[in-house]
Amino acid sequence: MLPAASALTPDVLACLALWAEQFPGGALLFTVGMFILLLSVLVFVHELGHYLAARSVRIKVLAFSIGFGRALLRWRDRHGTEWKVGWLPLGGYVQMLGQEDLQPSVASAQPGHYMSKTVAQRAWVVLAGPLANLLLGVVVLWGAFLLGEQKLRAEVGAVLPDMPAAGLLQPGDVIEQLNGVPVADWDALLEGISANPRLPLALTLQRGTDVVMVTVTPQVQTHTDIFGDTHQVGRIGIAPSGAVLVVPRGPVAALARAVERTYELTTLTLKSVWKLLIGAMGAENLTGPLGIANITGQAAHGGFYALLILAALISINLCVVNLFPLPILDGGHLVLLTLERLRGRPLGMVAQEWAFRVGLVCLVGLALLSTFNDVKRFGWLGGGSPAAAAQGSSASTP
């Protein structure tokens, strides 16, 4: 039998979060600290992808920096690369020999020069950063699932009045079967109920020490998903208790599940981006650094597993976002390299400079818009509340 949440003990990270709250400003410092740590790891892995790819095609790397501004730490390795940790931990970069030279005629024969490499080799270096984030997502999820994948138990926490379940189900009921099919978790229960509006469903319940069978017919409701799409679904009016199941997995099964979940999250991210581009999702759904920092703090309160899942999600998002065709991002560099391949020569210096300026303006605009959204969610402009901003994702109610 799979253990429920009551059988789990809080991990060290969750205990540390609670301990930090005992001091004035401790919760804020803990949240900021976790955000900086998470961001630094994700940026390091991204830049490490660029660095290793550059080394693989013998491009000389001049500098590898995590953070910007004055260096708090710096050292030089035997290959001549200067490694730095800047005081402003909001990004990082890898500087390669000749990479910033926009002169289209430059194809230096100098050993290790960026422009001396083929388009394919340079494209590999550019693509390696996002790929490193995608691989990190798989590895982090693999580690999380080796600890045991956590899922909501199919246990009733509340029964809504004037709904089909009223008078039939009670808080504390554990739904074990639906039409004779075992119910693995809350998501499976939700899927089974949603897909069968107006059809009688036979539920087998564990109520205390008794096994109870009830028949309930879901009513039809219109549900709007996170993409703004509407669906006609079945609902019986129950909410989860919040109890968690831990699904143990061996190394191979955990890896397979990590790959599957990475694919799901990547698809979800791509669909979200597409919906934003066509206007099906409002720009108010964008989340900026403040919102991500807040979510990181909330995840850390949930423990190490929750933080790992969030880290994987953000890493996968970084992979997708960095492939946007904006010249200042990796995707934009790939577009320029594609044009170079088609034309037989790079774009002119002026054209590249303007492309990077437009990309920078777009990126700054997105950052400002997402930060504005965060500020509204926190209620600093009267458009939201701190409670709403701090609220994590909640399970759907069938």
Side-chain angles (χ1 to χ4, degrees), residues 1-8 141 144-145 147-227 229-250 253-254 256-265 267-268 271 302 305-306 309 392-398:
M1 183 175 179
L2 299 176
S6 58
L8 302 175
L141 288 173
F145 296 153
L147 296 176
E149 184 176 5
Q150 297 183 15
K151 297 185 175 184
L152 275 180
R153 192 182 190 194
E155 180 177 314
V156 179
V159 180
L160 305 182
D162 302 321
M163 291 292 288
L168 296 175
L169 300 180
Q170 301 176 7
D173 286 347
V174 178
I175 301 174
E176 297 187 335
Q177 293 185 2
L178 189 155
N179 286 344
V181 178
V183 175
D185 51 47
W186 187 266
D187 287 341
L189 174 65
L190 174 63
E191 182 179 352
I193 294 175
S194 298
N196 292 285
R198 297 196 183 97
L199 296 178
L201 301 177
L203 303 180
T204 302
L205 320 171
Q206 185 71 40
R207 181 175 293 168
T209 58
D210 299 326
V211 176
V212 179
M213 298 188 65
V214 300
T215 300
V216 60
T217 303
Q219 65 177 225
V220 180
Q221 289 189 356
T222 301
H223 170 69
T224 303
D225 61 25
I226 60 174
F227 303 112
D229 298 330
T230 57
H231 311 273
Q232 297 297 310
V233 298
R235 292 290 186 260
I236 63 174
I238 57 175
S241 67
V244 173
L245 295 171
V246 178
V247 182
R249 300 185 189 276
R257 176 58 179 149
V259 172
E260 177 187 21
R261 189 61 179 145
T262 300
Y263 174 79
E264 293 170 354
L265 292 174
T267 303
L268 185 67
K271 186 174 181 180
Y305 177 87
I309 298 299
S393 60
S394 58
S396 299
T397 303

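For clarity, every value in this text was computed on a predicted model and none was experimentally measured.
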For [X], what residues pass the side chain to side chain contact (heavy atoms under 4.5 Å, CB included) criterion, not counting sequence neighbours?
X	result
Leu199	Asn196
Glu260	Arg257, Glu264
Lys271	Phe227, Asp229, Lys275
Thr230	Thr222, Thr224

The side chain to side chain contact (heavy atoms under 4.5 Å, CB included) partner of Arg153 among Val246, Val174, Ile175, Val183 is Val174

Taking Thr204 as the fixed residue, which of Val212, Val211, Val181 is the one that meets the side chain to side chain contact (heavy atoms under 4.5 Å, CB included) rule?
Val211

Pairs flagged by salt bridge (charged side-chain N to carboxylate O under 4.0 Å, His left out) wherever residues 239-248 is involved - sequence neighbours left out
none

Testing the basics here: between [X] and [Y], what is the closest heavy-atom pair and its distance to 0.1 Å?
X	Y	value
Ile238	Ala165	CG2-CB, 3.6 Å
Asp185	Leu152	CB-O, 3.2 Å
Gly157	Pro171	O-CB, 3.7 Å
Ala166	Pro161	CB-CA, 4.5 Å
Val244	Gln150	CG1-CB, 3.6 Å
Leu189	Ala154	CD2-CB, 4.3 Å

Chi angles and distances behind the side chain to side chain contact (heavy atoms under 4.5 Å, CB included) call for Ile236, Leu169
CA-CA 10 Å; Ile236 63 174; Leu169 300 180; 4.1 Å; yes

Side-chain touch Val156/Leu205, heavy atoms, less than 4.5 angstrom
no

CD of Glu149 to OH of Tyr305, rounded to nearest 0.5 Å, is 4.5 Å

How many angstroms lie between atom CD1 of Ile193 and atom CG of Leu203, to the nearest 0.5 angstrom?
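Going from CD1 on Ile193 over to CG on Leu203, the span is 6.5 Å.
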
Would you please name every residue forming a salt bridge (Lys or Arg N to Asp or Glu O under 4.0 Å) with Glu191, sequence neighbours left out?
none

Any residue meeting side chain to side chain donor-acceptor pair (under 3.5 Å) with Ser194, in chain and number order, not counting sequence neighbours
Arg235

What side chain to side chain donor-acceptor pair (under 3.5 Å) pairs are there with at least one residue in residues 205-219, not counting sequence neighbours?
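Residue pairs passing side chain to side chain donor-acceptor pair (under 3.5 Å), neighbours aside: Asp173-Arg207, Gln219-Gln221.
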
